[in-house]
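Residue numbers run from 1 in the order of the sequence given. Quantities reported herein were computed from a predicted structural model and do not represent experimental measurements.
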Amino acid sequence: MARPRGEVTVEQARRLERANEKRWAADVAYRAVVVEVLAEGASFAEVSKATGLSTNTLQRWKREANER
């Protein structure tokens, strides 16, 4: 029996939550690598070119990492 469109099952909600947790962990790891490269002396402009992230984002990430 088909369920109505737009309804998320409990199992689907669990899968989405697990995927979101994995994505969050990957985002944290990626940010850490980017900040590490900046700390090693790479310029914001070069890291921006390599990652596609704006220099404003890179500056914010570095600042936030230093605040921890």
Output side-chain donor-acceptor pairs under 3.5 Å for residues 14-30, partner residues at least two apart or in another chain, one line each.
unit_1, atom_1, unit_2, atom_2, d
Asn20, OD1, Arg23, NE, 3.4
Asn20, OD1, Arg23, NH2, 2.8

Going by the rule side chain to side chain contact (heavy atoms under 4.5 Å, CB included), which residues pair with Glu36 if we only count those two or more places apart in sequence or in a different chain?
Glu40
What's the shortest heavy-atom distance between Ser48 and Thr55, and which atoms?
CB-CG2, 3.8 Å
Do Gln12 and Thr9 pass the side-chain contact (heavy atoms from CB on, under 4.5 Å) test, and can you show the C-alpha distance, the side-chain angles, and the key distance before you say yes or no?
CA-CA 5 Å; Gln12 288 171 327; Thr9 66; 3.1 Å; yes
Can you list everything that forms a salt bridge (Lys or Arg N to Asp or Glu O under 4.0 Å) with Arg63? Sequence neighbours excluded, please.
none
Nearest heavy-atom pair of Ala65 and Val35: which atoms, and what distance?
CB-CG1, 3.6 Å
Please round to the nearest 0.5 Å and tell me the distance separating atom CG of Leu38 and atom CH2 of Trp61.
10.0 Å
Reported CG-to-CD distance for the pair Leu58 and Glu46, which is rounded to 0.5 angstrom:
11.5 Å
Set of salt bridge (Lys or Arg N to Asp or Glu O under 4.0 Å) partners for Arg60, sequence neighbours left out:
Glu64
Return yes if some donor-acceptor pair links the side-chain N/O of Thr57 with the main-chain N/O of Leu53 below 3.5 Å, else return no.
no
Residues joined to Val10 in its hydrophobic cluster, side chain to side chain under 4.5 Å directly or through other members, sorted by chain and number, are none
Residues two or more places apart in sequence or in another chain: which of them pass side chain to side chain contact (heavy atoms under 4.5 Å, CB included) with Ala39?
none
